[in-house]
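Worksheet for the structure shown next.
Values in this document were obtained by computation on a predicted structure and should not be read as measured data. Chain A is the first sequence line, chain B the second, and so forth, proteins listed ahead of strands; every chain is numbered from 1.
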Amino acid sequence: MWLDPHRPRPFAFVSHGHADHFARHQRVLCSPGTGHILVKRYGVKASKIEALDWGEQRIINDHHITLHPAGHITGSAMIRIEGPDQSILYTGDFKTRSSHTAEIAEFPKSDILIMETTFGRPQFVFPPTDEIEKQISRFACETLEDGETPVFFAYSLGKAQEALAILHNAGIETVVHKTVFEMTQACREIKVDLPNPVLLEKNIPPGVAVIAPPNAVRARAIRSHKKRRTAMLSGWALTPGSQYRYQVDQVFPLSDHADYPGLLESVEKVSPSLVYTLHGSTREFARDLRAKGIEAWSIYGDDQLELLESASPEIPLKSELSRPTSDLRGLSELLESLTTTASRLKKIELLSIFLQDCNDEELPFVTRWLSGSGITHLGHVMIRQALLEVTGFPLAKYKTVSASQNDTARTARLLLEEAPLNPLAHSFKEVATHFDQLRTADGSIAKTQLFSCFLQQCHPAEGETMVRLLTGGLRAGAKEGLYEEAVAKAFNLSPSDIRYAAMLTGDLGEVAIAAKNKTLDQIQLRPGKPIKPMLASPSENTEDIIKWHDSKDIPLWLEPKYDGIRSQLHVTPNGAHLFSRDLRSLDNEFPEILEAARALPSCLLDGELIAYAEGKRLTFFDLQKRLGRKKIQGDLFLGAAIPVRFIAFDCLYAQKSLIDSPLEERRKALESLELLDPFTTIPLIRSNGTDIKALEREFKKAMSDDNEGLIAKNCLSSYQPGRRGQSWKKLKGVMPTLDCVVIAAQQGHGKRAGVLSDYTFAVRDKESGELRTLGKAYSGLTDNEIEDLTDHFQKTTIEKISRRVVKVEPTIVLEIAFDKIRPSKRHDSGLALRFPRIKAIRSDKSLDEIDTLQTAKKLV
DNA sequence: GATGTCTGCCC
DNA sequence: ATTCTGC
DNA sequence: GCAGAATGGGCAGACATC
């Protein structure tokens with residue numbers, strides 16, 4: 001017998017009539033109420049249903065079976081199975097509070113408790129039910145008094161009937177959406193005390209409230225009704241920002257699940273010796289129970305419980321420290337442990353054991369994945385599409401789950417837990433092949449399809465892991481340095497050696513396998529293999545540079561900062577290669593540079609690609625036209641229209657590796673190459689590092705030569721790949737600013753999903769008197785400022801422009817700094833800013849003190 | 001075929 | 001690109 | 001000091017829609 005399986009089974013217990021707990025089984029055991037709902041809702045033949053009354057006993061394979069009310073919705077049941085040695089209680093979904101339509105839950109004592117923990121975190125404490133009900137009726141009354149229509153979104157079976165009862169008791173007339181109508185009738189047929197429902201017709205009559213399922217948000221009858229105020233009834237109302245995520249005017253925490261205290265209370269009543277948790281915050285709740293001395297574990301992935309097949313029920317037992325195996329499943333478990341372990345040393349320990357377990361073929365893959373390379377990323381749209389394809393769920397369902405989770409990977413896990421899957425074991429090699437297929441697949445449709453096929457063969461936990469890997473959001477609390485330490489520990493080498501090798505290759509996978517084979521000393525820098533470029537950190541002004549350099553004796557070298565594309569040129573006897581800042585290959589985009597590079601000896605140059613024609617440097621925007629091209633075409637053939645040059649400023653290899661050599665020496669090597677067009681060497685100013693006047697002069701000159709600024713380098717410093725180190729400094733010009741007014745605000749993503757974090761700003765067109773938009777920005781504000789502004793904009797909202805954007809009264813003046821301003825079709829001012837950011841909230845300025853479009857145009 | 005929208009990648 | 005935040 | 005998150009404009013490409 002199966003408990004709430006998602007796939008059709010010969011014989012299954014169905015706890016209640018929600019779709020995610022039901023499939024078309026050959027025989028169903030359930031309560032009489034649920035049986036009736038299954039018949040009405042899914043057209044199940046009555047002959048397939050074996051209804052068991054509350055407390056009535058049935059014997060299956062020597063086990064005594066009884067059903068008990070779960071209080072979740074009408075007819076929802078827990079099942080208690082008593083065997084010769086022990087008893088098990090499976091709760092299905094449940095709630096502890098009383099309600100209008102569900103029976104009062106009972107919690108019979110049992111040895112093993114399998115419970116749902118949808119709201120298994122301490123922050124989930126619902127207010128008293130009568131208080132929520134009062135709020136709901138008040139919302140409805142006030143809306144009606146204002147001549148508008150209150151619209152409640154609630155699941156069509158369960159909460160919709162609760163809402164109907166609440167509104168009925170408050171004397172409010174209500175019409176309901178078709179599915180709500182049908183489910184209400186079904187409940188009335190089994191003697192649930194509910195008013196006769198009135199079906200929602202094409203148009204909403206005045207003076208009534210509406211109840212509709214959440215997926216009817218876009219139903220025509222509701223959308224076309226302009227005078228509406230919407231409310232969502234959901235336990236997730238307690239999560240911050242839920243109002244924005246549901247895109248409704250109000251949320252009320254009316255839930256048909258138990259809240260955190262309810263969950264604890266029910267465990268107490270059952271007084272089990274062992275608890276397994278399902279759904280929602282399973283791990284967190286299990287951990288909390290263990291802290292109270294009750295053995296409790298999250299059931300991982302397999303939430304389709306098969307019982308009574310053999311004499312003793314087999315339930316997968318999980319131990320946090322169990323040694324992971326080397327496949328995707330093992331990786332999932334590893335990530336899980338990493339995420340929940342705070343201790344650095346423990347993480348290194350877990351990782352090193354895991355790495356030791358991998359064979360030679362797998363080791364490089366896994367190490368690469370963990371350290372965040374070797375995987376092409378998929379956008380959230382593609383991932384969403386793949387999930388919808390696998391699960392067959394409607395978009396609305398995805399959105400609901402996604403809104404509650406705020407995390408694509410976690411959303412994937414929850415959706416997959418409800419989907420019909422065909423889990424297979426996946427070796428790392430298969431996973432690597434899949435990543436490869438995704439990388440080479442042409443177009444998002446092909447990628448989506450590939451991925452959905454793969455997901456179909458994953459356990460939900462593995463699906464989550466795949467999404468974490470593919471979105472780059474591993475969030476395992478481990479950074480590159482920690483992975484390096486783990487590799488060192490796994491193969492008994494010093495972390496500094498590992499770190500150095502990793503710096504050389506930029507590929508921890510290669511380092512790991514070399515460490516395992518004790519061939520670390522063979523890892524050397526060589527042309528053809530990209531390494532992470534050394535970066536400069538910003539400085540405020542010339543003084544900062546002098547202070548940073550802090551030496552009379554070491555020369556301070558200055559180079560102009562060109563506005564081009566940072567790239568690495570690798571010349572080998574077999575051909576040349578160009579790499580971007582993120583080590584992406586630029587070979588296809590600049591074939592003529594590679595061709596010309598054949599004349600050079602083997603070397604590795606760091607530099608900047610710039611557009612250059614007729615003896616003049618062109619802008620970044622000209623250069624950008626040559627990026628991302630798949631075909632060389634027409635005018636752009638061989639860069640005829642937009643020729644480029646490679647301006648070298650460093651030489652990392654010439655006959656031997658130079659990255660540990662001082663800049664002086666590298667520069668010598670660079671100059672000895674005697675580069676010819678299209679290659680040149682960047683002009684260099686050898687300054688003495690103490691003369692601030694001279695520095696000032698050079699900076700002004702660099703700016704007047706149309707450069708972005710200066711790069712300052714210590715001439716004795718080595719080349720430090722990646723972001724580590726502080727040996728280069730950049731100094732950019734003072735940004736111009738404009739005072740603009742915010743006219744629209746937009747809801748953010750991720751951790752900013754609950755705030756209006758992004759502001760569209762405008763200047764005044766003196767000719768027409770209108771406000772004209774110039775751009776958007778959030779950067780520059782602290783989280784607190786964003787919160788305050790969110791508050792303000794909520795109060796000054798004029799109208800909703802779209803799901804995520806609201807138009808606001810023009811009250812907030814921002815001082816916006818930017819790099820450049822140029823003509824653009826993006827905004828209605830006809831201008832746009834490059835690198836806009838908020839320099840200050842000018843609460844001292846009013847709307848009529850903002851800058852004008854005419855002023856802005858002068859800065860172009 | 002023109003237009004609009006999304007994504008990835010450069011800054 | 002930039003900025004802020006948490007470690 | 002550093003990594004990570006969340007965000008800007010603009011381009012080319014890939015699709016969807018009309």
Side-chain angles (χ1 to χ4, degrees), chain A residues 342 344 371-372 376-385 406-407 439 441-448 471-483 535-538 561-567 579-586 588-589 608-611 619-633 636 642 708-709 720 722-727 730 732 735 746-753 755 757-761 774-786 816-827 831-839:
Chain A
R344 242 182 88 85
S371 60
T376 33
H377 287 188
L378 286 196
H380 72 277
V381 172
M382 276 192 264
I383 289 179
R384 182 179 69 194
Q385 192 55 40
N406 212 354
D407 176 327
R439 186 172 50 78
D442 209 19
S444 53
I445 291 184
K447 284 181 207 252
T448 306
T471 52
L474 228 46
R475 296 198 203 157
K479 291 182 267 189
E480 218 175 338
L482 195 137
Y483 290 118
L535 302 170
S537 46
K561 187 178 188 310
Y562 286 157
D563 192 5
I565 295 167
R566 178 75 179 270
S567 44
F579 296 95
S580 74
R581 195 187 129 128
D582 291 330
L583 309 188
R584 197 179 66 89
S585 169
L586 294 173
N588 291 330
E589 280 116 312
E608 193 89 1
L609 278 170
I610 60 159
T619 67
F620 172 75
F621 298 98
D622 298 310
L623 179 60
Q624 204 179 14
K625 292 194 174 67
R626 295 211 36 193
L627 281 177
R629 284 187 179 270
K630 294 235 159 136
K631 288 177 229 150
I632 299 166
Q633 56 178 47
L636 289 164
I642 303 166
E708 279 198 301
Q720 289 155 284
R723 200 170 273 282
R724 286 179 208 138
Q726 279 279 308
S727 291
K730 63 180 164 188
K732 294 179 100 172
M735 298 283 178
Q746 188 176 339
Q747 179 197 355
H749 291 99
K751 66 179 179 185
R752 302 226 190 296
V755 285
S757 67
D758 193 339
Y759 312 117
T760 305
F761 48 80
L774 200 53
K776 300 202 301 174
Y778 107 94
S779 180
L781 294 181
T782 63
D783 288 357
N784 282 338
E785 288 172 319
I786 293 175
I816 306 287
F818 54 93
D819 171 64
K820 279 189 174 70
I821 182 165
R822 36 180 261 131
S824 158
K825 281 183 200 149
R826 182 176 285 255
H827 300 291
L831 297 171
L833 307 179
R834 191 188 192 201
F835 308 151
R837 56 220 187 257
I838 300 165
K839 211 161 167 221

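Other residues, nucleotides and ligands contribute at most 12 non-hydrogen atoms within 6.0 Å of the NZ atom of K839(A).
The side chain of R826(A) lies closest to dG10(D) when the candidates are dT3(C), dA12(D), dG10(D). Closest to the R584(A) side chain, of the nucleotides dC11(D), dC9(B), dT7(D), is dC9(B). Side-chain proximity of R822(A) to the nucleotides dG10(D), dG8(D), dA12(D) is greatest for dG10(D). Picking from dT7(D), dT3(C), dG8(D) the nucleotide with the shortest atom distance to the side chain of R752(A) gives dT7(D). With dC10(B), dC11(D), dG8(D) as the candidates, the nucleotide lying closest to the side chain of I565(A) is dC10(B). Counting only heavy atoms from C-beta on, S779(A) has its side chain closest to dT3(C) among dC11(B), dT3(C), dG10(D). With dC10(B), dG9(D), dT2(C) as the choices, the nucleotide that has an atom nearest any side-chain atom of R837(A) turns out to be dT2(C). You'll find that the side chain of T782(A) is closest to dT5(C), out of dG10(D), dC10(B), dT5(C). Of the candidate nucleotides dC11(B), dT3(C), dG10(D), dC11(B) has the atom nearest to the side chain of F835(A).
Under the 3.5 Å distance criterion, the side-chain polar atoms of R822(A) are left unmatched by any main-chain donor or acceptor of A832(A).
Residue contacts for L781(A): at a heavy-atom cut-off of 4.0 Å it reaches the sugar-phosphate backbone alone, with no base atom in range. L586(A) comes within 4.0 angstrom of the backbone, heavy atoms only, and of no base. Residue D563(A) is classed as a sugar-phosphate contact, given heavy-atom separations below 4.0 Å to backbone atoms only. Among the atoms of the strands shown, only primed sugar atoms or phosphate atoms (P, OP1, OP2) are found under 4.0 Å from some heavy atom of K732(A). Nucleic acid contact for L623(A): none, since no nucleic acid atom lies under 4.0 Å from a heavy atom of the residue.
Taking 4.5 Å as the limit, some side-chain heavy atom of R566(A) sits within range of a side-chain heavy atom of L535(A).
In this view, D582(A) satisfies the side chain to side chain donor-acceptor pair (under 3.5 Å) rule with no residue, not counting sequence neighbours. In terms of the side-chain contact (heavy atoms from CB on, under 4.5 Å) criterion, residue partners of D622(A) (sequence neighbours excluded) are, by chain and number, A611(A), L618(A), T619(A), K625(A), I642(A).
Annotation: cation-pi pair R584(A)/F579(A) absent, no NZ/CZ under 6.0 Å from the ring centroid and within 45° of its normal.
Between S824(A) and dG10(D) there is a side-chain N or O to OP1 or OP2 distance below 4.0 Å. A sub-4.0 Å separation between OP1 or OP2 of dA12(D) and a side-chain N or O of R629(A) is present. Contact annotation: K730(A) side-chain N/O to dT2(C) OP1/OP2 distance is under 4.0 Å. At the phosphate of dT7(D), OP1 or OP2 sits under 4.0 Å from a side-chain N or O atom of H749(A). At dT7(D), one or more side-chain N or O atoms of S757(A) fall inside 4.0 Å of OP1 or OP2 (strictly under the cut-off). Contact annotation: S580(A) reaches the phosphate of dC10(B) (side-chain N/O to OP1 or OP2, under 4.0 Å).
The distance between atom CG of L831(A) and atom C1' of dG10(D), rounded to the nearest whole Å, is 15 Å. Separating the NZ atom of K625(A) from the C1' atom of dG10(D) is a distance of 9 Å, rounded to the nearest angstrom.
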